[in-house]
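Here the structure comes first, spelled out in structure tokens, and everything after it is commentary.
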Amino acid sequence: MTDAAAQVLPSACPLDCPDSCSLDVTVSGGRVTRVEGSARNPVTAGFICSKVRALPEHLYGPERLLHPALRVGGRGEGRFRPASWDEALDLVAERLRATVERHGGEAVLPFCYGGSNGYLSQDTTDARLFRRLGASRLARTVCAAAAGRAYAGLYGRMPGVAPEDYVHARLVVVWGANPSVSSIHLVPYVQEARRRGARLVVVDPRRTPLAGQADLHLALRPGTDLPVALAVHRWLFESGAADLGFLAAHATGWEELRRRAEPWTLERAAAEAEVAVADLEAFARLYAESSPAVVRCGWGLERNRNGGSAVAAVLALPAVAGKFGVRGGGFTQSNSSLWDLSTEDLPGEPPAPTRIVNMNRLGQVLTGSGEPPVKLLFVYNCNPLATMPDQEKVRAGLAREDLFTVVFDQVMTDTARYADVVLPATTFLERREVSRGYGAMVLHDARPAIAPVGESRSNHEVFAELCRRLGLEREGDLDDADALASALFASSRRGDELVAALAARGGTVLGYDEAPPVQMVDVRPRTSDGKIRLVPEDLDHEAPHGLYAYQGDPATPRFPLALVSPATNRTISSTLGQLYRKQAALELHPDDAAARGIAGGDEVRVWNELGEVRCRARVARDLRPGVAMLPKGLWSHNTLNGATSNALAPSTLTDLAGGACFNDARVQVEKTG
Ligand SMILES: Nc1nc2c(c(=O)[nH]1)N[C@H]1C(S)=C(S)[C@@H](COP(=O)(O)OP(=O)(O)OC[C@H]3O[C@@H](n4cnc5c(=O)[nH]c(N)nc54)[C@H](O)[C@@H]3O)O[C@H]1N2
Ligand SMILES: Nc1nc2c(c(=O)[nH]1)N[C@H]1C(S)=C(S)[C@@H](COP(=O)(O)OP(=O)(O)OC[C@H]3O[C@@H](n4cnc5c(=O)[nH]c(N)nc54)[C@H](O)[C@@H]3O)O[C@H]1N2
Ligand SMILES: [Mo]
């Protein structure tokens, strides 16, 4: 039976994923009943992930926050009483005012990350409020910091190979990425390339779905990508396969890169990475001989002590091997730089030179003796208790009696349970959002499909209102979504054109006309001299031991197992985690399980000096020995003791940009039941 009153409205998913799907949203009686993929983004091709298909459960489920609430129970208990917006915002405004007066602006720490990747929901009125208060600034380093710095340093963020162009490749290298869960629309293009005869190489400690089909799977030990990539560079130079003509014309620093790669023979790198020398050599040879060859450089390789240098060394490969200049050749990191939209002017207030807090250090900052101590934490677009490193320290910080915590979210997250004030946020279906893909080359302007659920409000509305309540608003401040969107488009050189195209094409436009850009033909390095910089000076100074200097494995005899915590097909970081109620399992290689007398289904304790997780074990042949896995994005309800992989993740930082080192967690495991 069809619902005559149902309407299908265009929308777009702004969640943290490269694919940036265009959606068809069915609305009946003011409620969303169905969310499906559309073809306005050609990469979406009419299908979407099961997570976003379940969005109606997120919108209307029991965890959805429908009105503001004030804590009545102990911190972490999650007991609240409903409050009006007036009462809640008066209280928050009063506490902001009092904190600034008594302790200074820097005692206020705004804390946000990837909840919504939309342009209108971050760095707009929120930045205005916190800048005018003189609050601490946040270094948003939990993801892509090291990779982003390397990419900017070498190429000035030159856009990469579009997913659609993977079909033209003769060799696809998937390096530290698992598109089968984290970017599902890339997979059909890789399959099509395979059908046309392309080879596939996967560099990943786990046998991911694509690794299982690959011609070659380099199952390296986590954190050893740098020596592996440097050994390939050395081999390319030694064997005469390096494209010296291209390097002379388009790159600087290649002699220095060659010098730094010199110690890394195939044998030495293979020993460090614990892979077969023959496999490493076969990879180098295949890469040298194949064209077009594309490298999909993911984020798995950045989340360790060597992350920045590792990504730089991988991104340098197509330059040294001369893989640019053909369709389907080059690399993909993030493609968001295709768009020249800037949020810089939207706050209406320039940044103030207040202290910068690295978000990976939240636990230390909340529990340590920082000056001034953080007295007011304002969390939005983020679920730090579930997603930041050193979870037990974060928890101890949130439990502090003298910390006032505001959590502004769509659902009652693990973090929200510690809040003094909880504010309900709209989802992207309940407000206008402008967003772009960081894999797919699309831009969306999506209008609300439904009215806000309950009393939920959008970010820009709430922060603008707090500005007013604190007397910080000024003439000319942009407050509503339409004004912010107009100013955003005005920041682009072809803003008017974009607005017209978006209106004409159902809210989604492509970032190219005929065909996606070819690297070094249609798009070029955006460095100061237009050249690829293979050993950029700024990066070389920043890395504690210099760029491309390898730091050894942090394992100790007490904690010998490397624990990786990659993405799964269940959640998007921790978003939608309230819908996934199952117990998570720690995956172990059969040898590591047998050595500890562990069988599948046993209860285990996984621990190190930072914390412990109690959960079930699963014996998994797709791991390599010495590597265990417990995914990211889990909530406390997914384990037996409420701690997740983040309780085992150190808050040490990557060699570039202060990024997170989740995969440097080293642990021990024992059977408990
Ligand atoms: N379903 C889903 N999709 C997502 C996300 C999600 O949480 N869920 N998150 C989104 C976000 S925020 C991001 S950043 C991207 C991430 O996208 P990806 O980079 O694809 O995802 P990860 O799961 O972080 O890691 C990818 C792979 O790296 C491997 N790996 C771990 N350590 C190493 C190492 O040292 N070297 C190498 N070579 N590989 C290693 C892991 O085994 C994993 O298979 O995905 C986005 N898409
Ligand atoms: N162990 C381990 N942990 C990891 C990683 C790992 O590899 N291993 N990877 C890390 C990575 S790649 C990332 S990107 C981070 C992500 O970590 P976070 O930035 O914490 O992202 P999410 O977990 O998705 O949480 C986002 C929250 O924002 C809320 N939200 C969404 N839209 C809005 C909005 O419009 N307004 C408001 N106010 N709230 C909104 C969502 O409901 C959700 O609760 O996690 C990191 N955590
Ligand atoms: Mo991420």
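Counting begins at 1 with the first residue of the sequence. Both counts, for ligands and for their atoms, begin at 1 and track the order of listing.
- Protein residues with a heavy atom under 4.0 Å from ligand 2 are Asp16, Tyr113, Gly114, Gly115, Ser116, Val142, Cys143, Arg303, Tyr380, Asn381, Cys382, Asn383, Thr387, Phe408, Asp409, Gln410, Thr413, Ala425, Thr426, Arg431, Asn459, Ser565, Ile572, Ser573, Ser574, Thr575, Lys632, Ser645, Asn646, Phe662.
- Distances between N or O atoms of Ser183 and those of ligand 1 include no value under 3.5 Å.
- The distance from ligand 1 to the heavy atoms of Asp225 drops below 4.0 Å at these ligand atoms: 34 (C), 35 (O), 36 (N), 37 (C), 38 (N).
- Classification of Glu430 and Arg64 as a salt-bridged pair holds, one side-chain N sitting under 4.0 Å from a carboxylate O.
- Between Val203 and ligand 1, at least one N/O pair is under 3.5 Å apart.
- Contact analysis puts Lys51 in contact with ligand 1, with a non-hydrogen atom separation below 4.0 angstrom.
- Those atoms of ligand 1 with a heavy atom of Thr208 less than 4.0 angstrom away are 44 (O).
- Look at Arg614 and Glu612 and you find a salt bridge, because one of the NZ, NE, NH1 or NH2 atoms lies within 4.0 Å of a carboxylate O, short of that distance.
- Within ligand 1, the atoms closer than 4.0 Å to a non-hydrogen atom of Trp175 are 38 (N), numbered from 1 in the order shown.
- Between Tyr380 and Phe378, the ring planes are perpendicular. Angles over 60° get that label, and only those under 30° would be called parallel.
- For the residue pair Tyr113/Ser573, the side-chain donor-acceptor check at 3.5 Å is not satisfied.
- Side-chain contact check for Asn383 and Thr415: at least one donor-acceptor pair (N or O, by modelled atom type) lies under 3.5 Å.
- Under the 30°/60° scheme for interplanar angles, the aromatic rings of Tyr550 and Trp264 are found to stand perpendicular.
- By the 6.0 Å and 45° rule, Arg436 stacks over the aromatic ring of Tyr119.
- Across Leu648 and Leu610, no two heavy atoms sit closer than the pair O-CD1, 3.9 Å.
- Residue Arg206 has at least one heavy-atom neighbour below 4.0 Å for each of these atoms of ligand 1: 41 (C), 42 (O), 43 (C), 44 (O).
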### Task
Verify side-chain contact (heavy atoms from CB on, under 4.5 Å) between Asn638 and Thr644, making sure each step is shown before the conclusion.
CA-CA 8 Å; Asn638 297 124; Thr644 70; 5.9 Å; no
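- Taking any N or O of Thr224, backbone or side chain, none lies under 3.5 Å from an N or O belonging to ligand 1.
- Ligand-side atoms of ligand 1 in range of Val181: 1 (N), 2 (C), 3 (N), range being under 4.0 angstrom from any heavy atom.
- Using modelled atom types, one finds a donor on one side chain and an acceptor on the other under 3.5 Å when comparing Asn459 with Asn381.
- The main-chain N or O of Arg618 is never found under 3.5 Å from a side-chain atom of Glu587 such that the two would form a donor-acceptor pair.
- Ligand 1 places these atoms under 4.0 Å from at least one heavy atom of Tyr438: 10 (C), 11 (C), 13 (C), 46 (C).
- Taking distance alone, with nitrogen or oxygen atoms compared against 3.5 Å, Thr568 approaches ligand 1 more closely than that limit.
- Asp479 and Arg128 are joined by a salt bridge, as a carboxylate oxygen and a charged side-chain nitrogen come within less than 4.0 angstrom of each other.
- Ligand 1 lies within reach of Gly223, whose nearest heavy atom is under 4.0 Å from it.
- Near Gly298, the atoms of ligand 1 lying under 4.0 angstrom from a non-hydrogen atom of the residue are 19 (O).
- A donor-acceptor contact closer than 3.5 angstrom is absent between the side chains of Glu302 and Thr654.
- Those atoms of ligand 1 that come under 4.0 Å of a heavy atom in Pro222, given as number and element, are 34 (C), 35 (O).
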